[in-house]
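Here's the structure we're looking at; comments come further down.
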Amino acid sequence: MKENNSTYSWLESEISKNNVILTVSQHLACDLKNQYIELQLQKSKCAWDSPEIYFWRDWLRLVFLNNSEYHNSVLLDQNSSLFVWEQCLRQTIDDPLIKAQDLILSFSETLRQISDWCIPLSELTASSGTPEEELFVKTAGLYIKTLNDEHWIDNSFLAKHILDNKKNKLAETLNNSSFVFVGFYENLPIVKQLMNSIKLFCDCKSINKESH
């Protein structure tokens, strides 16, 4: 416990300031919540306010769901997203021997990665060379068109959707809170954009999990 107390010595202080803590993973968010519980139990407390600790993607989902301005679009869950991927794949390839499930999982993950790195699909279109790359670009293009036509949002695009909102609803959502990003050793471009947007309206800092 002594080692954990040293590792998380910053945690209670940040929570006491009512800061919102955003983590690089769901595992780290759970770990921090458990550490905070242990700290309270060590002080023989029987009740305390739940700290605002979130995996950054989960926090964005809450921002979307709790703000009616974003509700002109529907955020797809994973099963719905994969179903749409499958329908798009069936329109781009007609081969019963193709294992669609394996492909759509791969395509979904690839789309998440290029979205996190803020790479436009048009750049991949220009550089695609192998049949697999061409199939992905064609299917992803149809997938994105379907989302736009139906006013659906893939979770991979949620950060961009919120940050690109022309009414600047993010500022209202932040509500003058202070934010702490934890565990982001190498920030993805989309996370950097999120941090920069938050810094426009309120305090924001980063610390490593090992920070004392």
TODO: Flag the pair Phe83 / Leu76 as yes when at least one side-chain heavy-atom distance between them is below 4.5 Å, and no otherwise.
DONE: no
- [ ] Examine distances only and state if a side-chain atom of Asn196 and a backbone atom of Lys192 form a donor-acceptor pair shorter than 3.5 Å.
- [x] yes
Open item on the list: Under the rule for side-chain contact (heavy atoms from CB on, under 4.5 Å), what residues qualify as partners of Asn34, not counting sequence neighbours?
Closed with: Cys30, Ile37
TODO: First locate atom CG of Leu111, then atom CZ of Phe157, and finally report the distance between them rounded to the nearest 0.5 Å.
DONE: 4.0 Å
Open item on the list: Tell me every residue that passes side chain to side chain donor-acceptor pair (under 3.5 Å) with Thr139, counting only those two or more places apart in sequence or in another chain.
Closed with: Thr92
Task: For Glu150, all residues meeting side-chain contact (heavy atoms from CB on, under 4.5 Å), sequence neighbours excluded - done: Thr146, Trp152
- [ ] Measure from the side-chain N and O atoms of Glu123 to the backbone N and O of Pro120, and report whether any donor-acceptor pair falls under 3.5 Å.
- [x] no
Open item on the list: With a 3.5 Å distance limit and no angle check, can you tell me whether Ser16 reaches the backbone of Ser13 through a side-chain donor-acceptor pair?
Closed with: yes
- [ ] Quick one: list whatever passes side-chain contact (heavy atoms from CB on, under 4.5 Å) with Leu105, sequence neighbours left out.
- [x] Leu82, Gln101
Task: Flag side-chain contact, heavy atom, 4.5 Å: Leu174 against Val63 - done: no
Task: From Tyr36 atom OH to Lys33 atom NZ, the distance as rounded to the nearest 0.5 Å - done: 13.0 Å
Open item on the list: Testing the basics here: between Ile153 and Ser73, what is the closest heavy-atom pair and its distance to 0.1 Å?
Closed with: CD1-CB, 3.5 Å
Open item on the list: Whether the side chain of Ser106 engages the backbone of Asp102 through a donor-acceptor N/O pair (distance < 3.5 Å, no angle test) should be reported.
Closed with: no
Open item on the list: Measuring only between side-chain heavy atoms, which start at C-beta, is Leu142 closer than 4.5 Å to Lys138?
Closed with: no
- [ ] Applying side chain to side chain contact (heavy atoms under 4.5 Å, CB included) between Ile190 and each of Leu188, Leu194, Asn187, report the one that passes.
- [x] Leu188
Open item on the list: I need the minimum non-hydrogen distance between Ser177 and Cys202, along with the two atoms involved.
Closed with: O-CB, 2.8 Å
Open item on the list: Between Asn66 and Leu62 (side chain of the first, backbone of the second, donor and acceptor by atom type, cut-off under 3.5 Å), is there such a pair?
Closed with: yes
Open item on the list: I'd like to check Ile21 versus Leu11 (side-chain heavy atoms, cut-off strictly below 4.5 Å). Are they in contact?
Closed with: yes
Task: Listed partners of Arg61 passing salt bridge (Lys or Arg N to Asp or Glu O under 4.0 Å), at least two apart - done: none
TODO: Just jot down the ring-ring contact (aromatic ring centres under 6.0 Å, His included) partners of Phe181, sequence neighbours excluded, or say none.
DONE: Phe184
Open item on the list: Any non-hydrogen side-chain atom of Tyr185 less than 4.5 Å from a side-chain atom of Val24?
Closed with: no
Task: Minimal non-hydrogen separation, Ile162 against Leu60, with atom names - done: CD1-O, 3.5 Å
- [ ] Check whether any side-chain heavy atom of Ile207 sits under 4.5 Å from a side-chain heavy atom of Val182, and report yes or no.
- [x] yes
Task: Gln78 atom CD: more than 12 heavy-atom contacts under 6.0 Å - done: no
- [ ] Determine whether Gln26 and Asp58 make a side-chain contact, defined as any pair of heavy atoms from C-beta on separated by less than 4.5 Å.
- [x] yes
- [ ] Check salt bridge (Lys or Arg N to Asp or Glu O under 4.0 Å) between Lys199 and all other residues, then give those that pass, not counting sequence neighbours.
- [x] none
- [ ] Using the test side chain to side chain donor-acceptor pair (under 3.5 Å), find all partners of Ser197 that sit at least two apart in sequence or belong to another chain.
- [x] none
List the atom pairs, donor and acceptor, that lie under 3.5 Å between side-chain atoms in residues 44-52 and the rest of the protein, sequence neighbours left out.
| unit_1 | atom_1 | unit_2 | atom_2 | d |
| --- | --- | --- | --- | --- |
| Lys45 | NZ | Gln40 | OE1 | 3.1 |
| Glu52 | OE1 | Tyr54 | OH | 3.3 |

TODO: Of all the heavy-atom pairs spanning Ile53 and Ala29, show the shortest one and how long it is.
DONE: CG2-O, 3.8 Å
Task: Residue pair Pro189 / Cys118: nearest heavy atoms and the distance that separates them - done: CB-SG, 3.8 Å
Open item on the list: The criterion is side chain to side chain donor-acceptor pair (under 3.5 Å); which residues satisfy it with Gln91, sequence neighbours excluded?
Closed with: none
- [ ] Measure across Met195 and Cys204 and return the closest heavy-atom pair with its distance rounded to 0.1 Å.
- [x] O-SG, 4.4 Å
Open item on the list: Going by the rule salt bridge (Lys or Arg N to Asp or Glu O under 4.0 Å), which residues pair with Asp77 if we only count those two or more places apart in sequence or in a different chain?
Closed with: none
Open item on the list: Holding to side chain to side chain donor-acceptor pair (under 3.5 Å), I want the full list of residues that pass it with Asn19, two or more places apart in sequence or in another chain.
Closed with: Glu14
Open item on the list: Distance check, rounded to the nearest 0.5 Å: Ser115 atom OG versus Leu121 atom CG?
Closed with: 11.0 Å
- [ ] Go through the steps for Leu103 and Ile93 under the test side-chain contact (heavy atoms from CB on, under 4.5 Å), then give the verdict.
- [x] CA-CA 11 Å; Leu103 271 180; Ile93 192 169; 5.6 Å; no
